[in-house]
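A quick write-up on the structure given underneath.
Numbered from 1 within each chain, the chains take letters A, B, ... in sequence-line order.
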2 protein chains.
Amino acid sequence: MVTIGTASYTGTAARILDVAEVLVQTRGFNGFSYADIAAEMNITKAALHYHFAGKAELGEALISRYAARFADALAAVDSAGAQPAAKLEAYAHLYLDVLREQRMCLCGMLAAEYQTLPEPMRAAVLRFFDANETWLQEVLEHGRAAGALHFGGSARDTARMIIGSLEGAMLVARPYGDTARFEAATRNILAALATAEGPGGARAQPASG
Amino acid sequence: MVTIGTASYTGTAARILDVAEVLVQTRGFNGFSYADIAAEMNITKAALHYHFAGKAELGEALISRYAARFADALAAVDSAGAQPAAKLEAYAHLYLDVLREQRMCLCGMLAAEYQTLPEPMRAAVLRFFDANETWLQEVLEHGRAAGALHFGGSARDTARMIIGSLEGAMLVARPYGDTARFEAATRNILAALATAEGPGGARAQPASG
DNA sequence: GTCTATAGGCAGATAGAC
DNA sequence: GTCTATCTGCCTATAGAC
């Protein structure tokens, strides 16, 4: 179980986060302004500053809430007690739900803009990926021990591969407005883990010298 | 052979593109300004407008030149006459070279910002991915016919999976400043294609209902 | 081709009234 | 909590001299 944050917002603050979240996921952190949020909510920019001192603080709150929600979703998958392969499918489905709303993963988007982010946001983005990696690693290790999943390399590297592949599949599928691209890629990746000869087997060769 | 564009720039225009390219690949299209380019080059913003009417035109030129360079690199891989698996590794190495300079793929970055881009830039980004897909598809089909590559689904879907996985591996590896993350993911992906039981085999299950 | 100067607008942010 | 009003600074872009 991974607890990333305990941030809880209600009322106006929560509504601000809702609006800002969509803006970041569709336009990027550098692609929207306080004026965009204010216009959408029919309040003034000054009111926003009452709830979140600056854009940096708003960004931190966004990641914190998003990560907490994601952690809750993963905990729910664990509680459902499904098979390892089904857990991986449930994991991929979390991404698909985001893509269906024509959004990018919040932290995938912020990963692209990483170099322009204030330090606290950077750290929070990495924590999000770390938490995902930890959860996947556990699923992969248990799955391999139970003979349900098959992969050659370390569970850690395989977890990282899954995260990257899903983030990238979203990244490319969204401009095409085509969720089928994401779903096909997901099938390819997960199917290889559920078959006898998974990725990173003995015959694996380095991709570069 | 895919010819994307024939754009050719020399002198100041080429230097502007060089500087702007790094800025887009590291900070995003919405994360830099004409002032940044001007400062780096020790010229004025007004001089930039002489070469590229506006940021949108500069963006189009950037993608056009990047895509042409990428197409040239793929043609060079073809000319080398390597085995299918080696071609895929060479393809992945193109991405690695970009990541080693701590840059994101230009079009991967622009894919994240897609919704904020002017239409001509959007179209150019999709053309880039389409060209990549076409090239990979050909390598995959020839590789399968020759018994060198193994995958269950269509070559098109597998090509798309590769593009997404490499873009995503870059996206996540860059914030960590860790090229090993990218290389491990690449090994996982490509190894599965070079082994008997590749991804998307008969046992493949849909990732979602 | 590059400059100075400047326009016009929007960014994030603050002060102080209500 | 939300407002009006305002500040400062940066943005893209243009005009016109050299």
Taking 4.0 angstrom as the limit, do [X] and [Y] come out as a salt bridge?
| X | Y | result |
| --- | --- | --- |
| D97(A) | R103(A) | no |
| E60(B) | K55(B) | no |
| R181(B) | E133(A) | yes |
| E113(B) | R27(A) | no |
| D36(A) | K45(A) | no |

Legend entry - For A46(B), all residues meeting side-chain contact (heavy atoms from CB on, under 4.5 Å), sequence neighbours excluded: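 A46(B): side-chain contact (heavy atoms from CB on, under 4.5 Å) contacts with T44(B).
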Legend entry - Sequence-distant partners of V19(B), side-chain contact (heavy atoms from CB on, under 4.5 Å), two or more places apart: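 Only L23(B), I37(B), E40(B), M41(B) meet the side-chain contact (heavy atoms from CB on, under 4.5 Å) criterion with V19(B).
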What is the distance from [atom1] of [X] to [atom2] of [N], rounded to the nearest Å?
| X | N | atom1 | atom2 | value |
| --- | --- | --- | --- | --- |
| L48(B) | dT14(D) | CG | P | 13 Å |
| N30(B) | dG12(C) | CG | P | 12 Å |
| N42(B) | dT4(C) | CG | P | 12 Å |
| I16(B) | dT2(C) | CD1 | C1' | 11 Å |
| I37(A) | dT2(D) | CD1 | C1' | 16 Å |
| H51(B) | dA13(D) | NE2 | C1' | 16 Å |

Inset, instruction - Assign T44(B) to base, sugar-phosphate, or nothing according to its heavy-atom contacts below 4.0 angstrom with the strands shown. - result: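 Base, at least one base atom sits under 4.0 Å.
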Inset, instruction - Assign F32(A) to base, sugar-phosphate, or nothing according to its heavy-atom contacts below 4.0 angstrom with the strands shown. - result: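 Here F32(A) touches the backbone only, sparing every base.
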Inset, instruction - When you get a sec, tell me which of dC3(D), dA11(C), dT2(D) is the closest nucleotide to the side chain of T12(A)? - result: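 Of the candidates, dT2(D) comes closest.
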Inset, instruction - Examine dC10(D): is either OP1 or OP2 under 4.0 Å from a nitrogen or oxygen in the side chain of S33(B)? Give yes or no. - result: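 S33(B) to dC10(D) OP1/OP2: no side-chain N or O under 4.0 Å.
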Legend entry - dT2(C) phosphate, OP1 or OP2, under 4.0 Å from Y50(B) side-chain N/O: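 No, Y50(B) has no side-chain N/O under 4.0 Å of OP1/OP2 on dT2(C).
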Inset, instruction - Treat primed atoms plus P, OP1 and OP2 as sugar-phosphate and everything else as base, then score nucleotides 13-18 of chain C 5' to 3': B for base contact with protein heavy atoms under 4.0 Å, S for sugar-phosphate contact only, - for none. - result: BBB---
